[in-house]
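Proteins come first, then strands; the chains are lettered A, B, ... in the order of their sequence lines, and each starts at number 1.
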2 protein chains.
Amino acid sequence: MGIHRKTSSLNTLLKEFNNDISAITVVDLVSRLGDKMNKTTIYRILNKLEEDSILHSFFGKNGLKWYAKCDGCCNSKPESILNKFRPHFQCLSCGKIDRLNIEMKLPKVTDQKVSVSQLLIQGRCESCN
Amino acid sequence: MGIHRKTSSLNTLLKEFNNDISAITVVDLVSRLGDKMNKTTIYRILNKLEEDSILHSFFGKNGLKWYAKCDGCCNSKPESILNKFRPHFQCLSCGKIDRLNIEMKLPKVTDQKVSVSQLLIQGRCESCN
DNA sequence: AAATTAATGCAACTCAGTTGCAAAAATAAG
DNA sequence: CTTATTTTTGCAACTGAGTTGCATTAATTT
Ligand SMILES: [Zn+2]
Ligand SMILES: [Zn+2]
Ligand SMILES: [Zn+2]
Ligand SMILES: [Zn+2]
């Protein structure tokens with residue numbers, strides 16, 4: 001278990017994921033909340049939230065770390081991932097990431113044990129066309 | 001066009017992708033070739049090779065940049081990607097990345113114009129089990 | 001209320017990746 | 001072949017996302 005105590009920093013940070021935004025960079029979070037809490041705190045809380053499968057993370061085009069709400073797609077139970085996961089879409093022009101409303105299935109062809117799967121589709125979003 | 005001149009640095013770098021290894025980190029390349037050429041040169045050549053769609057890149061679990069041979073999966077023609085792409089697999093224990101021998105199809109459900117799609121599946125590889 | 005344990009702030013640090021500029025190598029022109 | 005042009009390279013300094021150690025503060029337990 002990552003999170004042990006309910007602190008105000010934790011609450012403030014969690015609020016940021018209750019918007020319509022589907023994924024946020026840590027850099028963005030730091031610039032939004034940097035006056036309310038230290039950036040180290042932000043990094044540490046995000047880390048714990050991922051450990052608890054409340055958030056999950058991945059890296060976008062420029063190497064920046066993105067966080068998004070996890071809906072069980074990162075559980076250690078293989079079935080849950082193998083059956084369905086939802087891809088993210090990053091616009092290479094404006095950089096924005098959204099979660100697509102598609103469910104994809106991953107074929108179980110490997111001997112490896114899968115625990116996470118992240119499909120990042122890249123292209124140009126509607127606004128940038 | 002990224003590459004204009006055939007230099008020895010370019011050749012040396014290209015050789016590294018003729019092994020059976022399916023993906024290499026830049027950090028790894030720098031430590032292997034660092035005595036033969038400057039790290040800045042490595043970064044710059046990789047950049048150009050990606051521009052020319054000879055290599056493609058993505059970011060692994062720890063934010064490191066990986067390069068692999070591109071077989072047209074990163075062309076700007078939407079059809080080529082929408083029809084098939086091959087996922088990479090990263091072992092969360094030893095960090096190694098391999099390209100899986102599976103072809104996946106991406107459903108064309110979006111208004112967005114897709115140019116790249118990268119599926120990074122994560123778990124534990126055979127050797128680490 | 002006191003003791004224990006976890007979370008936070010701060011400053012310094014790490015290190016992958018970038019930038020500017022002068023020197024060297026490759027290609028083109030004569 | 002020789003000279004002029006353009007690209008590539010090395011070097012050193014820099015950038016910035018992410019980390020670490022430690023002392024202080026806040027939350028939870030006894
Ligand atoms: Zn998830
Ligand atoms: Zn856009
Ligand atoms: Zn490709
Ligand atoms: Zn492994």
Side-chain angles (χ1 to χ4, degrees), chain A residues 1-17 23-52 54-68 90 92 95-97 118 120 122, chain B residues 1-17 23-52 54-68 90 92 95-97 118 120 122:
Chain A
M1 193 178 55
I3 299 282
H4 288 89
R5 299 181 179 189
K6 293 181 183 178
T7 67
S8 67
S9 298
L10 173 64
N11 288 334
T12 308
L13 195 41
L14 279 175
K15 274 182 205 155
E16 294 293 319
F17 289 90
I24 322 177
T25 64
V26 184
V27 171
D28 198 7
L29 283 169
V30 168
S31 77
R32 283 199 227 176
L33 308 175
D35 51 341
K36 291 173 198 149
M37 68 190 82
N38 192 271
K39 74 167 180 174
T40 310
T41 304
I42 298 177
Y43 277 98
R44 287 195 272 229
I45 293 180
L46 290 172
N47 212 40
K48 289 172 187 170
L49 287 172
E50 182 164 31
E51 208 178 301
D52 293 346
I54 295 167
L55 302 178
H56 60 218
S57 72
F58 55 97
F59 290 87
K61 189 57 190 167
N62 43 8
L64 288 190
K65 197 169 193 177
W66 292 73
Y67 277 92
Q90 178 167 40
L92 293 175
K96 204 177 63 178
I97 292 192
Q118 286 149 3
L120 182 60
Q122 296 172 325
Chain B
M1 196 176 57
I3 300 282
H4 288 89
R5 296 181 183 192
K6 293 179 182 178
T7 67
S8 68
S9 298
L10 173 64
N11 288 334
T12 309
L13 195 41
L14 279 175
K15 274 182 203 153
E16 294 293 319
F17 290 90
I24 321 177
T25 64
V26 184
V27 171
D28 198 6
L29 284 169
V30 169
S31 77
R32 283 200 226 177
L33 307 175
D35 50 342
K36 292 173 197 148
M37 69 190 81
N38 192 271
K39 74 168 180 173
T40 311
T41 305
I42 298 177
Y43 277 98
R44 287 194 272 227
I45 293 180
L46 290 172
N47 212 38
K48 289 174 188 169
L49 287 173
E50 183 164 31
E51 209 178 300
D52 293 346
I54 294 166
L55 301 179
H56 60 218
S57 72
F58 56 96
F59 290 88
K61 190 57 189 168
N62 44 8
L64 288 190
K65 197 169 192 176
W66 292 73
Y67 277 92
Q90 178 166 40
L92 293 175
K96 204 178 62 178
I97 292 192
Q118 287 150 5
L120 182 60
Q122 296 172 326

- Bounded by its outermost nucleotides with an atom under 4.0 Å from a heavy atom of chain B, the footprint on DNA chain C reads C/dA16 to C/dT27
Student check: side-chain heavy atoms of [X] and [Y] closer than 4.5 Å:
{"X": "B/Ser57", "Y": "A/Lys61", "answer": "yes"}
{"X": "B/Leu120", "Y": "A/Phe58", "answer": "no"}
{"X": "B/Leu13", "Y": "B/Thr41", "answer": "no"}
{"X": "A/Leu10", "Y": "A/Lys48", "answer": "no"}
{"X": "B/Phe17", "Y": "B/Leu49", "answer": "no"}

Would you give the length of the straight line joining atom [atom1] of [X] to atom [atom2] of [Y], rounded to the nearest 0.5 angstrom?
{"X": "A/His56", "Y": "A/Glu50", "atom1": "NE2", "atom2": "CD", "answer": "8.5 Å"}
{"X": "B/Ile45", "Y": "B/Thr7", "atom1": "CD1", "atom2": "OG1", "answer": "5.0 Å"}
{"X": "A/Leu29", "Y": "A/Tyr43", "atom1": "CG", "atom2": "OH", "answer": "9.5 Å"}
{"X": "A/Phe59", "Y": "A/Gln90", "atom1": "CZ", "atom2": "CD", "answer": "12.5 Å"}
{"X": "A/Ile24", "Y": "A/Leu64", "atom1": "CD1", "atom2": "CG", "answer": "13.5 Å"}
{"X": "B/Glu51", "Y": "B/Ile54", "atom1": "CD", "atom2": "CD1", "answer": "10.5 Å"}

- Message: Does D/dT9 have OP1 or OP2 under 4.0 Å away from a side-chain N or O of B/Thr7?
- Response: yes
- Message: What residues from residues 30-38 of chain A pass a heavy-atom cutoff of under 4.0 Å to DNA chain D?
- Response: none
- Query: Taking the side chain of B/Thr41 as its heavy atoms from C-beta onward, which of D/dA17, D/dT9, D/dT8 lies nearest to it?
  - Reply: D/dT9
Interatomic distance, [X] [atom1] vs [N] [atom2] [rounded to whole Å]:
{"X": "A/Trp66", "N": "D/dA17", "atom1": "CH2", "atom2": "P", "result": "13 Å"}
{"X": "B/Phe59", "N": "D/dG18", "atom1": "CZ", "atom2": "P", "result": "11 Å"}
{"X": "A/Met1", "N": "D/dT28", "atom1": "CE", "atom2": "P", "result": "11 Å"}
{"X": "A/Ile42", "N": "D/dT19", "atom1": "CD1", "atom2": "C1'", "result": "15 Å"}
{"X": "B/Arg44", "N": "D/dC11", "atom1": "CZ", "atom2": "P", "result": "12 Å"}
{"X": "A/Lys48", "N": "D/dT19", "atom1": "NZ", "atom2": "P", "result": "13 Å"}
{"X": "A/Ile45", "N": "D/dG18", "atom1": "CD1", "atom2": "C1'", "result": "16 Å"}
{"X": "B/Leu10", "N": "D/dT8", "atom1": "CG", "atom2": "C1'", "result": "11 Å"}

- All heavy atoms of B/Ile42 vs all of B/Val30, minimum pair found to be CD1-CA, 3.8 Å
- Message: Over all strands shown, is A/Lys65 touching base, sugar-phosphate only, or nothing at heavy-atom distances under 4.0 angstrom?
- Response: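 Sugar-phosphate: the residue A/Lys65, judged by heavy atoms under 4.0 Å, touches backbone atoms but no base.
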- Query: With a non-hydrogen cut-off below 4.0 angstrom, is A/Lys6 in contact with a base, only sugar-phosphate, or nothing?
  - Reply: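 Result for A/Lys6 = sugar-phosphate.
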- Message: Five pairs per end, C1' atoms only: what is the angle between the end axes of the helix from C/dA1-D/dT30 to C/dG30-D/dC1, to 10 degrees?
- Response: 30°
- Whichever of A/Ser8 and A/Thr40 has the more 5' nearest nucleotide on DNA chain C, that residue is A/Ser8
